[in-house]
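Reviewing the structure listed below.
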Amino acid sequence: MIQDVARRIAQERIAPSAESFDRSGEFPLENIRLLGENGLMGIEVPTEYGGAGLDPVSYVLAMVEIAAGDAAHSTIMSVNNSLFCNGILTHGTEAQKQTYVRAIAEGREIGAFALTEPQSGSDATSMRCRAVRQDDGRFVVNGKKSWITSGPVARYIVLFATTDPAQGARGITAFLVDTQREGFHRGKTEPKLGIRASATCEIEFQDYVVQADEVLGEVGQGFRIAMGVLDAGRIGIASQAVGIARAAFEATVAYVKERKAFGQPIGAFQMTQAKIADMKCKLDASLLLTLRAAWLKGQGKRFTNEASIAKLTASEAAMWIAHQAVQIHGGMGYSKEMPVERYFRDAKITEIYEGTSEIQRLVIARNETGLR
Ligand code: CAA
């Protein structure tokens with residue numbers, strides 16, 4: 001049912017407006033609210049906190065459909081579901097779940113996740129954003145975060161800051177931030193290659209005060225929280241990659257049946273057929289690896305390795321499939337009159353955010369060898 005709901009919204013509402021949102025870079029607020037009203041902003045969130053109360057496999061199925069409609073919409077959806085709601089559901093207090101998770105799951109507000117800084121991306125523990133505990137238990141935050149997906153529109157943010165720089169990873173703490181408070185500022189917006197309708201910006205904290213009950217989890221546990229949340233996030237990005245790849249694949253299959261060269265449809269040529277076969281194999285393998293990671297998560301098992309395998313495979317497959325789609329479309333693949341050039345631009349980000357392909361290889365190899 002959730003797959004059908006997502007597919008209907010993706011095909012009727014999202015896909016038809018994707019080209020225009022890509023061109024303008026406007027944030028698709030109305031569509032995001034519609035996704036929220038249909039349970040798609042808190043798929044794994046229990047119904048008592050305003051979500052759909054479903055499992056990680058349902059999340060994958062819905063994400064694939066939305067991403068096939070438009071990748072930018074699925075970026076916003078994945079941050080709300082995996083990076084924002086998931087971390088608070090796992091580590092938050094009852095009051096935090098009621099306040100922050102409910103607003104996002106119901107689609108009333110947008111959430112964001114602030115880990116990256118101008119000088120720290122893959123090397124996340126080297127963050128400089130600093131939170132200093134006061135005598136009354138509150139924290140005062142100062143510092144910058146960059147590449148914040150949904151930053152320009154987010155109401156609430158899960159923020160990671162160092163509370164004890166000498167402790168490295170064990171000195172990082174997670175906080176819940178309300179962007180309507182004093183001390184929170186938005187900086188420059190990123191002019192991106194793809195997923196252009198998902199707004200991304202820098203944010204800055206200048207003496208922003210966090211109340212003691214706005215700490216997420218324990219002080220010093222922030223890095224572990226971030227890593228656990230990113231494990232789930234990587235299933236979301238793998239799903240997104242599968243959705244982009246599927247859209248590129250379906251557009252290509254339709255095109256090769258219609259476009260003629262040398263007196264026959266180009267799909268009848270062996271060189272095209274070999275490409276179609278390889279595209280389909282990579283697409284199905286990516287989907288199945290993503291479902292495996294999601295299934296393990298639903299069983300309450302550790303899924304770090306499987307999430308990285310799914311994300312690495314699906315993102316590189318999406319880039320490769322989109323590349324073949326452009327090539328098979330020829331000149332039309334290079335034109336903004338057809339959607340495949342957008343799939344090509346959108347696919348690239350899946351190899352970069354929520355851990356680059358290099359970081360996924362590092363995680364997988366560490367897990368397989370036990371060496372580091
Ligand atoms: N789950 C739980 N805990 C974990 C974990 C996981 N998956 N991975 C590591 N940890 C814990 C470790 O057990 C360790 O804990 P202790 O100190 O208690 O022993 C601690 O975290 C530090 O672990 P490491 O020593 O392995 O850390 P490291 O410095 O070597 O870094 C890394 C590991 C895999 C490279 C990690 O830094 C990483 O994943 N980097 C990439 C960051 C990233 O993905 N950024 C994306 C930004 S968010 C984004 O893109 C959002 C968006 O816009 C959509």
Side-chain angles (χ1 to χ4, degrees), residues 63 67 71-87 90-91 110-127 129 145-152 154 157-160 162 164 166-174 189-190 192 194-195 198-203 217-241 293 296-297 301-309 311-312 315 346 348-367 369-372:
M63 269 292 293
H73 283 71
S74 69
T75 298
I76 302 160
M77 176 175 163
S78 83
V79 170
N80 275 357
N81 275 275
S82 322
L83 299 190
F84 190 88
C85 291
N86 185 61
T90 313
H91 302 280
I110 310 286
F113 178 87
L115 180 71
T116 300
E117 298 187 0
Q119 81 301 328
S120 89
S122 294
D123 182 11
T125 55
S126 70
M127 68 178 64
C129 184
K145 293 278 168 184
S146 55
W147 287 101
I148 306 307
T149 300
S150 299
I157 299 181
V158 176
L159 166 74
F160 299 88
T162 176
D164 187 352
Q167 294 287 319
R170 292 183 183 183
I172 292 168
T173 302
T189 312
E190 300 298 344
K192 304 192 298 290
I195 54 161
S198 94
T200 314
C201 72
E202 282 192 346
I203 57 175
E218 302 291 318
V219 171
Q221 284 279 306
F223 191 72
R224 295 186 68 109
I225 293 175
M227 290 298 110
V229 166
L230 279 169
D231 286 347
R234 288 165 186 169
I235 296 178
I237 302 308
S239 315
Q240 174 180 54
L296 278 171
K297 178 171 186 277
K301 301 197 164 115
R302 182 85 189 248
F303 60 95
T304 300
N305 202 26
E306 288 75 11
S308 282
I309 293 170
K311 201 250 182 197
L312 176 64
S315 60
D346 288 345
K348 184 60 207 170
I349 191 61
T350 65
E351 294 182 315
I352 299 173
Y353 62 14
E354 300 202 25
T356 58
S357 293
E358 289 74 10
I359 290 294
Q360 306 312 327
R361 288 190 164 87
L362 176 150
V363 170
I364 297 162
R366 279 183 180 179
N367 269 288
T369 64
L371 300 172
R372 43 179 299 146

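What you see is a predicted model, and the numbers here were worked out from it, not measured in a lab. Note that ligands are numbered from 1 as they come in the structure, with each ligand's atoms numbered from 1 the same way.
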One finds that the ligand 1 atoms under 4.0 Å from a non-hydrogen atom of D231 are 1 (N), 6 (C), 7 (N)
Between S74 and A67 the two heavy atoms that sit nearest each other are OG-CB, 3.4 Å
What's the verdict on side chain to side chain contact (heavy atoms under 4.5 Å, CB included) for E117 and C129, showing C-alpha distance, side-chain angles and the deciding distance?
CA-CA 8 Å; E117 298 187 0; C129 184; 3.1 Å; yes
Identity and distance of the protein heavy atom lying nearest atom 24 (P) of ligand 1
R372 NH1, 3.8 Å
Does any N or O atom in L362 lie less than 3.5 angstrom from one in ligand 1, N or O only?
no
The closest protein heavy-atom partner of atom 53 (O) of ligand 1 is T149 OG1, 2.8 Å
Those atoms of ligand 1 less than 4.0 Å from some heavy atom in R170:
16 (P), 17 (O), 18 (O), 19 (O)
Looking at Q240 and A71, would you say the former's side chain and the latter's main chain have a donor-acceptor pair under 3.5 Å?
yes
Main-chain N/O of S239 paired with K311 side-chain donor or acceptor, under 3.5 Å
no
Quick note on ligand 1: atoms under 4.0 Å from a heavy atom of V363 include exactly 34 (C)
Using modelled atom types only, decide if a donor and an acceptor are shared between the side chain of K301 and the backbone of L296 within a distance under 3.5 Å.
no
So, the side chain of S120 versus the backbone of T116: is there a donor-acceptor pair under 3.5 Å, distance only?
no
Donor-acceptor contact below 3.5 Å, side chain S308 vs main chain N305
no
Atoms of ligand 1 less than 4.0 Å from Y353 heavy atoms?
50 (O), 54 (C)
At a non-hydrogen distance cut-off of under 4.0 Å, which region of Q167 contacts ligand 1 (side chain, backbone, both, or neither)?
neither
Quiz question for you: does at least one protein heavy atom lie closer than 4.0 Å to atom 36 (C) of ligand 1?
yes
Considering only non-hydrogen protein atoms, determine which one is nearest to atom 11 (C) of ligand 1 and report residue, atom name and distance to 0.1 Å.
R224 CG, 4.0 Å
protein heavy-atom neighbour closest to atom 28 (P) of ligand 1 works out as R366 NH1, 4.3 Å
Numbering the atoms of ligand 1 from 1, which are under 4.0 Å from a heavy atom of R302?
1 (N), 5 (C), 6 (C), 7 (N)
Establish whether atom 14 (C) of ligand 1 and some protein heavy atom are separated by less than 4.0 angstrom.
no
Indicate the atoms forming the closest heavy-atom contact of T149 with V79, along with that distance.
CG2-CG2, 3.7 Å
Considering only non-hydrogen protein atoms, determine which one is nearest to atom 50 (O) of ligand 1 and report residue, atom name and distance to 0.1 Å.
E354 N, 2.9 Å
Contact between Q360 and ligand 1, counting heavy atoms under 4.0 Å?
no
Might you point out which heavy atoms bring S198 and T200 nearest each other, and give the distance in Å?
O-OG1, 3.3 Å
Heavy atom of the protein closest to atom 51 (C) of ligand 1 (residue, atom name, distance)
L83 CD1, 3.6 Å
Can you list, pair by pair, the side-chain donor-acceptor contacts under 3.5 Å of residues 219-235, counting residues two or more places apart and other chains?
from : atom 1 : to   : atom 2 : distance (Å)
D231 : OD2    : T304 : OG1    : 2.7
R234 : NE     : E354 : O      : 2.7

For the side chain of D346 and the backbone of G194, is there at least one donor-acceptor N/O pair under 3.5 Å apart?
no
Just let me know how T356 lines up against ligand 1, side chain, backbone, both or neither, with a heavy-atom cut-off below 4.0 Å.
neither
Under-4.0 Å heavy-atom contact between protein and atom 4 (C) of ligand 1
yes
Of all the non-hydrogen atoms in the protein, which one sits nearest to atom 39 (O) of ligand 1, and at what distance?
R234 NH2, 3.2 Å
Considering only heavy atoms of V79, which atoms of ligand 1 have at least one such atom less than 4.0 Å away?
54 (C)
Which atoms of ligand 1 have any heavy atom of L230 under 4.0 Å away?
43 (C), 44 (O)
CD of E218: more than 12 outside heavy atoms within 6.0 angstrom?
no
Strictly distance-based, threshold 3.5 Å: is any side-chain N or O of Q167 a donor or acceptor partner for the main-chain N or O of I172?
no
Donor-acceptor pair, side chain of K297 and main chain of R302, under 3.5 angstrom
no
Nearest neighbour in protein (non-hydrogen) for atom 31 (O) of ligand 1
F223 CZ, 4.1 Å
List every atom of ligand 1 that sits less than 4.0 Å from any heavy atom of T116, numbering the atoms from 1 in the order shown and giving each element.
47 (C)
